Amino acid sequence: MAVETLVEPPPSSLSGVARVLVNAGKLSARTAEDLTKTARERKSSFVSALINAGAVKSDDLAHTLSSALALPLLDLNAVDAQKLPRNIVDSKIASQYQLMVLGKRGNRLFIGAADPTDQEAVDRIKFTTQLTPEWVIVEYDKLMRQLEAQSASANEVLESMASADFDFDVTDDDAATAAEAADVSTEVEDAPVVRFLQKMLIDAINMRASDLHFEPYEYTYRVRFRIDGELREITQPPVAIKEKLASRIKVISRMDIAEKRVPQDGRMKLKFGSKAIDFRVSTLPTLFGEKVVIRILDSSSAKLGIEALGYEKIEKDRLMHAIGRPYGMILVTGPTGSGKTVSLYTCLNILNQPGVNIATVEDPAEINLPGINQVNVNERAGLTFAAALKSFLRQDPDIIMVGEIRDLETADIAIKAAQTGHLVMSTLHTNDAPTTLTRLLNMGVPPFNIASSVLLITAQRLARRLCENCKKVADYPRDSLLKAGFKPEDIDGNWKPYRAVGCASCNNGYKGRVGLYQVMPITEAIQRIILTEGTALDIAKQAEIEGVRDLRQAGLAKVRAGVTTLEEVITVTNE
């Protein structure tokens with residue numbers, strides 16, 4: 001009679017990879033327990049202890065786990081590491097849990113690892129990326145070579161950032177500031193903090209971010225970038241560096257390093273060889289430290305030309321006709337971050353000729369353009385928008401740009417300047433073009449002054465642009481398209497809208513932004529409505545009769561052109 005051999009089940013103390021290997025007969029229970037104890041003592045992973053001890057080979061481990069756990073197996077030698085997505089998972093997390101990002105599709109993140117049973121790694125990735133990890137088995141030795149190569153590359157970047165080719169342009173305003181900076185140099189010139197800040201700024205520029213947010217909380221410190229209008233968490237540095245980092249930023253931005261109780265504003269400049277980029281810095285005291293927001297001010301955005309902003313031909317023609325007029329007022333409206341400043345500076349760049357005197361007053365001046373006289377508002381010194389405008393009128397200007405019309409005094413002076421032979425450009429915070437006129441009326445500006453001075457109003461929004469590499473045709477129900485604002489003739493035929501997908505070269509299916517514009521010239525018919533104190537609805541109806549598209553219609557035109565998605569247009573024009 002044959003004696004049946006019983007396989008002893010693995011001890012209950014074993015879990016994860018150890019249990020799988022014991023069940024597969026690749027490892028004895030005793031060896032697995034010893035390796036688990038060794039890994040615990042050395043504070044390393046079980047897989048690293050396993051491979052270092054030579055108990056199982058890397059390729060054998062990978063094949064066993066793939067078969068037992070029904071997970072795909074990938075040979076990292078067949079992957080081009082340079083084309084893998086970066087900055088989705090922080091390098092410290094990747095190194096700590098011995099994993100690497102292989103790709104992203106929708107809300108799924110494909111992670112290569114030798115140990116796919118690490119629940120702590122799953123939870124950490126879910127929390128930091130808000131994505132669902134999908135495990136792919138890779139061989140341990142090949143994975144470690146890739147991680148070491150990435151680490152070496154990061155070290156090279158840090159070394160290059162410390163070279164003479166890269167520097168902050170810090171020129172103190174006076175000896176007292178310089179002496180103060182020298183006193184705190186030992187506190188804020190900490191090399192890791194300096195390098196971390198430099199790396200964050202370089203990463204933000206490379207990722208096309210518009211703002212960096214350094215946010216202290218009770219137990220964590222978070223860094224987020226605003227990319228294509230959306231905030232995205234980049235990393236969580238140690239909480240211990242929050243004060244040193246804030247102090248470093250304040251020193252190079254020429255702020256008071258000792259003052260931590262009130263908000264402060266400053267500027268700094270970063271030099272990449274011959275290219276310099278300005279940054280506007282704002283600090284805000286919070287419960288657990290100073291939050292710092294750094295806005296990237298790239299003057300090259302104003303030199304892209306009006307074609308790059310996304311105006312349709314008829315809208316561009318209306319705007320070009322208005323800025324070609326010798327006098328009058330042009331207003332640009334929209335919420336904060338809708339690209340009003342870039343639009344104004346693009347127009348100023350077109351008008352910036354040797355025979356033209358241009359003066360601007362802003363709070364503060366964001367984009368530096370040679371040939372334009374720029375003034376910063378200084379409330380403490382009494383240099384307000386209104387005071388600067390009064391001074392401008394004695395400086396023989398041809399064109400005046402006011403950063404924002406906030407009150408009746410500024411509006412009154414700007415309108416009088418527009419009526420006395422000057423071209424005036426400014427911004428207002430209103431939802432659309434028609435409501436801008438009623439906003440001026442509510443401020444107390446007489447109707448006849450508005451009707452006689454305002455030439456054109458542009459309302460605008462920024463919508464995320466679809467990534468050309470991964471966008472796919474979307475199949476929306478006809479009723480949904482009609483409800484969004486499409487006309488039946490717009491959706492008949494073979495035309496189909498696109499949807500965002502997501503790939504290694506974009507941000508959730510989007511890459512860059514495009515402007516949506518409502519360009520409304522002030523015609524005689526609209527002037528009559530203003531003079532009779534008509535409502536914004538009356539003005540909007542007349543504008544529609546005259547062929548002026550509202551922001552939703554401008555967005556739907558971009559959807560038809562395959563530039564953005566219907567969801568994005570509904571989000572940015574839902575008012």
Side-chain angles (χ1 to χ4, degrees), residues 306 309 311 315-316 318-348 350-351 358-363 366 385-386 388-389 392 397 399-420 422-462 515-523 526-527 529-531 534 536 539-540 542-543 546 548-551 554:
I306 199 163
L309 298 183
Y311 284 93
E315 296 165 348
K316 185 187 77 170
R318 287 171 181 163
L319 181 61
M320 294 302 291
H321 176 71
I323 67 173
R325 300 276 289 274
Y327 58 87
M329 179 179 280
I330 296 170
L331 296 172
V332 180
T333 76
T336 301
S338 60
K340 299 188 298 294
T341 302
V342 171
S343 293
L344 282 175
Y345 266 96
T346 301
C347 294
L348 290 179
I350 294 169
L351 298 169
I358 303 176
T360 76
V361 55
E362 300 165 81
D363 185 20
E366 294 190 6
F385 280 115
L389 271 173
F392 282 175
I399 300 167
I400 296 172
M401 196 271 269
V402 186
E404 183 184 350
I405 293 177
R406 297 176 179 172
D407 50 48
L408 177 58
E409 185 182 10
T410 306
D412 193 41
I413 300 169
I415 283 175
K416 285 177 181 175
Q419 292 171 333
T420 55
H422 305 90
L423 183 64
V424 179
M425 299 182 184
S426 188
T427 70
L428 275 171
H429 288 89
T430 58
N431 290 335
D432 58 14
T435 55
T436 305
L437 297 168
T438 55
R439 171 73 185 278
L440 290 172
L441 287 169
N442 292 337
M443 276 187 182
V445 181
F448 60 86
N449 275 347
I450 299 172
S452 63
S453 60
V454 180
L455 301 174
L456 176 136
I457 302 173
T458 296
Q460 65 182 69
R461 299 289 187 275
L462 288 177
L516 311 180
Y517 302 96
Q518 179 186 26
V519 182
M520 186 178 80
I522 306 304
T523 61
I526 292 177
Q527 285 177 338
I529 296 172
I530 297 168
L531 290 171
I539 296 169
Q542 181 59 36
E546 295 174 0
V548 176
R549 294 188 303 189
D550 61 23
L551 289 165

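In this text the structure is predicted, and so the values were computed from the model without any measurement.
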Inset, instruction - Return the set of residues passing ring-ring contact (aromatic ring centres under 6.0 Å, His included) with Phe385 (not counting sequence neighbours), or none when no residue passes. - result: none
Inset, instruction - Kindly indicate whether the side chain of Thr458, heavy atoms from C-beta on, has any atom under 4.5 Å from the side chain of Tyr311. - result: yes
Inset, instruction - Could you check if a side-chain atom of Pro521 sits within less than 4.5 angstrom of a side-chain atom of Val548, using non-hydrogen atoms only? - result: yes
Legend entry - Side-chain heavy atoms of Leu456 within contact of Arg325, under 4.5 Å: no
Inset, instruction - Report yes if some heavy atom in the side chain of Leu440 is under 4.5 Å from a heavy atom in the side chain of Leu428; otherwise report no. - result: yes
Legend entry - Heavy-atom donor-acceptor pair, Gln518 side chain to Ala433 backbone, under 3.5 Å: yes
Inset, instruction - Search all heavy atoms of Arg549 against all heavy atoms of Glu315 and return the closest pair with its distance. - result: NH2-OE2, 3.2 Å
Legend entry - Any donor-acceptor pair under 3.5 Å from Tyr517 side chain to Leu309 backbone: yes
Legend entry - Minimum side-chain heavy-atom gap Ile522-Leu437 below 4.5 Å: yes
Legend entry - Those residues that, when tested against Asp550, pass salt bridge (charged side-chain N to carboxylate O under 4.0 Å, His left out) (two or more places apart): none
Inset, instruction - Enter the distance from Leu348:CG to Met401:CE here, rounded to the nearest 0.5 Å. - result: 5.5 Å
Please report, to 0.1 Å, the donor-acceptor pairs under 3.5 Å made by any side chain of residues 332-339, with sequence neighbours excluded.
residue : atom : partner : partner atom : Å
Ser338  : OG   : Pro335  : O            : 2.7

Legend entry - Nearest-0.5 Å distance, CG of residue Asp412 to CD1 of residue Ile405: 10.5 Å
Inset, instruction - Work out which heavy atom in Pro434 is nearest to a heavy atom in Ile539; give both atom names and the distance. - result: CB-CG2, 4.0 Å
Legend entry - Arg439 vs Leu331, side chain to side chain contact (heavy atoms under 4.5 Å, CB included): CA-CA, chis, key distance, verdict: CA-CA 12 Å; Arg439 171 73 185 278; Leu331 296 172; over 6 Å; no
Legend entry - Non-hydrogen atoms of Thr427 and Gly403 that approach each other most closely: OG1-O, 2.5 Å
Legend entry - Euclidean distance, Gln542 CD relative to Thr523 OG1, rounded to 0.5 Å: 6.0 Å
Legend entry - Any Asp363 side-chain heavy atom under 4.5 Å of Arg406 side chain: yes
Inset, instruction - Would you give the length of the straight line joining atom CG of Leu344 to atom OG1 of Thr360, rounded to the nearest 0.5 angstrom? - result: 10.0 Å
Listing, residues 444-452 side-chain donor-acceptor contacts under 3.5 Å, not counting sequence neighbours, or none:
residue : atom : partner : partner atom : Å
Asn449  : OD1  : Gln419  : NE2          : 3.1
Ser452  : OG   : Gln419  : NE2          : 2.9
Ser452  : OG   : Phe448  : O            : 2.8
Ser452  : OG   : Asn449  : O            : 3.3

Inset, instruction - Return the set of residues passing salt bridge (charged side-chain N to carboxylate O under 4.0 Å, His left out) with Arg318 (not counting sequence neighbours), or none when no residue passes. - result: none
Legend entry - CD1 on Ile330 to SG on Cys347, rounded to 0.5 Å: 6.5 Å
Inset, instruction - State which residues pass side chain to side chain contact (heavy atoms under 4.5 Å, CB included) with Leu462; sequence neighbours excluded, sorted by chain then number. - result: Arg513
Legend entry - Where Ile457 and Thr436 come nearest, the two heavy atoms and their spacing: CG2-OG1, 3.8 Å
Inset, instruction - Find the distance between CG (Leu441) and CD1 (Ile530) and round it off to the nearest 0.5 Å. - result: 7.5 Å
Legend entry - Leu351 side chain reached by Leu423 side chain, heavy atoms, under 4.5 Å: yes
Legend entry - Heavy-atom closest contact (Glu404 atom, His429 atom, distance): OE2-ND1, 3.1 Å
Inset, instruction - Looking only at non-hydrogen atoms, find the nearest pair between Thr438 and Thr435 and report the distance. - result: OG1-O, 2.8 Å
Legend entry - side chain to side chain contact (heavy atoms under 4.5 Å, CB included) between Tyr345 and Met425, worked out: CA-CA 10 Å; Tyr345 266 96; Met425 299 182 184; over 6 Å; no
Inset, instruction - Mind running side chain to side chain contact (heavy atoms under 4.5 Å, CB included) on Ile350 and Met320 for me, showing each step along the way? - result: CA-CA 9 Å; Ile350 294 169; Met320 294 302 291; 4.0 Å; yes
